[in-house]
Engineer: 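Okay, here's the structure, questions in a sec.
Chain letters run A, B, ... following the sequence lines, proteins first and then strands; every chain starts at 1.
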Number of protein chains: 2
Amino acid sequence: MANATTDGGRLGHEELGWTLGVLLRHYQDEVGQVLADVPQGHRGFQVLASVVHGDQRSQLALAGHLGIDRTVMTYVVDDLVTAGLVERQVDAADRRQRRLVATTTGRQRLAQLERDVRAAEDRALSSLASEDRTTLRHLLAAAACAIRQIEPVRDPCEAVEGALQRG
Amino acid sequence: MANATTDGGRLGHEELGWTLGVLLRHYQDEVGQVLADVPQGHRGFQVLASVVHGDQRSQLALAGHLGIDRTVMTYVVDDLVTAGLVERQVDAADRRQRRLVATTTGRQRLAQLERDVRAAEDRALSSLASEDRTTLRHLLAAAACAIRQIEPVRDPCEAVEGALQRG
DNA sequence: TATTGTTATACTCTATAACTATA
DNA sequence: TATAGTTATAGAGTATAACAATA
């Protein structure tokens with residue numbers, strides 16, 4: 001018999017554009033309050049997080065990772081620098097590139113922000129059971145990492161402990 | 001030991017803002033091509049779909065459902081009307097409201113578009129195994145429906161067959 | 001000549017305000 | 001007085017183009 005998965009037909013409330021849109025708006029409402037005082041809000045938080053976690057090696061790489069334009073990245077970083085959360089360093093190996101490094105203040109600020117953001121995320125997904133939230137997070141991470149061609153993290157514990165050792 | 005689910009700490013690639021953002025952009029790239037000729041693109045498609053499926057009873061309700069401003073809704077509907085896909089009808093019970101109804105052309109157009117969009121969605125999630133795609137769709141739908149306070153569909157087959165009978 | 005980052009500018013998208021008509 | 005829809009306008013956000021520094 002026809003079903004929503006195989007008939008290729010009517011999508012209704014499973015249409016990805018709608019579900020992703022609803023979820024992202026709701027997420028931004030919840031998280032927006034937490035990040036109200038962060039320079040450039042959610043963008044600033046994402047840049048700071050990537051810098052602290054050391055994901056990317058230049059502003060351009062960071063822009064690609066976060067899906068924003070390099071001209072936008074400039075003033076997002078400007079504001080983070082002004083706020084004393086990150087610093088620009090010229091890459092010695094390629095002096096065109098700027099390596100972004102977090103200040104002590106930036107790392108401390110991020111640690112608290114990530115706790116608050118995580119709590120806001122859980123509020124945004126509060127309608128789901130705890131195990132469903134975890135499943136959703138993992139599937140979203142797997143899909144997003146595949147799209148960005150990043151090796152997905154198999155074991156979240158490992159990754160976190162790695163981060164703790166680095167930090 | 002610390003883990004990503006309970007320590008409330010570092011988020012990395014499980015941060016919802018990033019995963020939802022990556023996925024939505026990728027989705028828009030894929031689906032954007034399919035909807036290039038639809039008036040107002042993805043917005044126009046979503047409005048047309050809601051009209052055909054009879055979800056909402058006025059432009060304002062529709063705007064809330066899709067998370068867009070009522071002033072935007074006006075010209076999205078304008079373009080769909082111009083394209084002959086939907087019609088505005090004054091609601092007899094409240095003459096301030098406009099009931100949107102799909103034309104025959106609009107219904108036929110949507111049927112084909114939904115097949116194409118579904119295919120594009122599957123391409124966007126092609127890195128996930130089939131059963132993981134289904135799980136992700138259901139969890140996203142459950143979360144989004146809860147946020148919008150819509151009764152989530154328990155059995156997708158039922159919903160589709162209901163739609164088929166109505167259509 | 002190509003790339004990174006910056007600046008200035010133009011464009012697009014969205015929200016605000018004011019208006020009409022209905023209730 | 002309040003609400004649905006429309007229109008015009010202003011604002012925010014984004015992309016485009018031109019430039020400097022470096023490869």
Side-chain angles (χ1 to χ4, degrees), chain A residues 17 20-22 24-29 31-32 35-36 38-47 50-51 55-82 86-101, chain B residues 17 20-22 24-29 31-32 35-36 38-47 50-51 55-82 86-101:
Chain A
L20 289 175
V22 168
L24 191 58
R25 280 191 299 276
H26 185 61
Y27 165 85
Q28 285 169 338
D29 287 346
V31 169
L35 302 177
V38 177
Q40 295 293 326
H42 185 253
R43 285 275 170 78
F45 166 75
Q46 287 193 322
V47 169
S50 290
V51 168
D55 295 342
Q56 308 297 325
R57 52 237 158 272
S58 70
Q59 288 189 197
L60 197 61
L62 199 46
H65 181 68
L66 300 180
I68 64 182
D69 196 87
R70 61 176 182 168
T71 63
V72 175
M73 184 58 63
T74 295
Y75 61 76
V76 173
V77 173
D78 280 349
D79 288 4
L80 290 173
V81 169
T82 300
V86 306
E87 290 177 356
R88 285 186 174 97
Q89 291 179 356
V90 175
D91 188 320
D94 183 344
R95 294 179 51 80
R96 293 173 302 183
Q97 297 187 170
R98 301 285 174 268
R99 263 188 64 77
L100 299 179
V101 294
Chain B
L20 289 175
V22 168
L24 191 57
R25 281 191 298 276
H26 186 62
Y27 165 85
Q28 286 169 339
D29 287 344
V31 168
L35 301 177
V38 177
Q40 295 293 328
H42 186 253
R43 286 278 168 77
F45 166 76
Q46 286 192 320
V47 169
S50 290
V51 168
D55 295 342
Q56 308 297 325
R57 51 241 161 269
S58 70
Q59 287 189 197
L60 198 62
L62 199 47
H65 180 67
L66 299 180
I68 64 182
D69 196 85
R70 61 179 181 167
T71 64
V72 174
M73 184 57 63
T74 295
Y75 61 75
V76 173
V77 173
D78 280 350
D79 287 3
L80 291 173
V81 169
T82 299
V86 306
E87 290 176 357
R88 283 187 177 96
Q89 291 179 357
V90 175
D91 187 321
D94 183 343
R95 293 179 52 78
R96 291 173 303 186
Q97 296 186 171
R98 302 284 176 270
R99 263 187 63 78
L100 300 178
V101 294

Engineer: Grab the two heavy atoms, one from R57(B) and one from R99(B), that are nearest each other, plus how far apart they are.
Structural biologist: O-CG, 3.7 Å

Engineer: On DNA chain D, reading 5' to 3', which nucleotide is the first and which the last to sit with an atom under 4.0 Å from a heavy atom of chain A, could you check?
Structural biologist: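 On DNA chain D, the outermost contacted nucleotides are dT14(D) to dA23(D).
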
Engineer: Tell me, do R88(A) and D78(A) make a side-chain contact under 4.5 Å, heavy atoms counted?
Structural biologist: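 Yes, close enough: below the 4.5 Å cut-off.
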
Engineer: Can you name the closest pair of heavy atoms from S50(A) and H65(A) and give their distance?
Structural biologist: OG-CD2, 3.7 Å

Engineer: At a cut-off of 3.5 Å, list every protein nitrogen or oxygen paired with a nitrogen or oxygen from nucleotides 3-6 of chain C, distance to 0.1 Å.
Structural biologist:
unit_1: dT3(C); atom_1: O4'; unit_2: R96(A); atom_2: NH1; d: 3.3
unit_1: dT3(C); atom_1: O2; unit_2: R96(A); atom_2: NH1; d: 3.2
unit_1: dG5(C); atom_1: OP1; unit_2: Q59(A); atom_2: N; d: 3.1
unit_1: dG5(C); atom_1: OP1; unit_2: R98(A); atom_2: N; d: 2.9
unit_1: dG5(C); atom_1: OP2; unit_2: L60(A); atom_2: N; d: 2.6
unit_1: dG5(C); atom_1: N7; unit_2: R70(A); atom_2: NH1; d: 2.9
unit_1: dT6(C); atom_1: OP1; unit_2: R88(A); atom_2: NE; d: 2.8
unit_1: dT6(C); atom_1: OP1; unit_2: R88(A); atom_2: NH2; d: 3.1
unit_1: dT6(C); atom_1: OP2; unit_2: Q59(A); atom_2: OE1; d: 3.4
unit_1: dT6(C); atom_1: OP2; unit_2: Q59(A); atom_2: NE2; d: 2.7
unit_1: dT6(C); atom_1: OP2; unit_2: T74(A); atom_2: OG1; d: 2.9

Engineer: Starting at CG of D91(A), measure out to CD of Q59(A) and round the result to the nearest 0.5 Å.
Structural biologist: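 Reported to 0.5 Å precision, the distance equals 12.0 Å.
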
Engineer: What I'd like to find out is whether the side chain of V77(A) reaches to under 4.5 Å of the side chain of V51(A), using heavy atoms alone.
Structural biologist: no

Engineer: Can you tell me how far the CG atom of L60(A) sits from the CD atom of Q97(A), to the nearest 0.5 Å?
Structural biologist: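 Interatomic distance, L60(A) CG to Q97(A) CD, rounded to 0.5 Å: 8.0 Å.
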
Engineer: Could you state the interatomic distance from CZ (F45(B)) to CG (L66(B)), rounded to the nearest 0.5 Å?
Structural biologist: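 It comes to 11.0 Å.
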
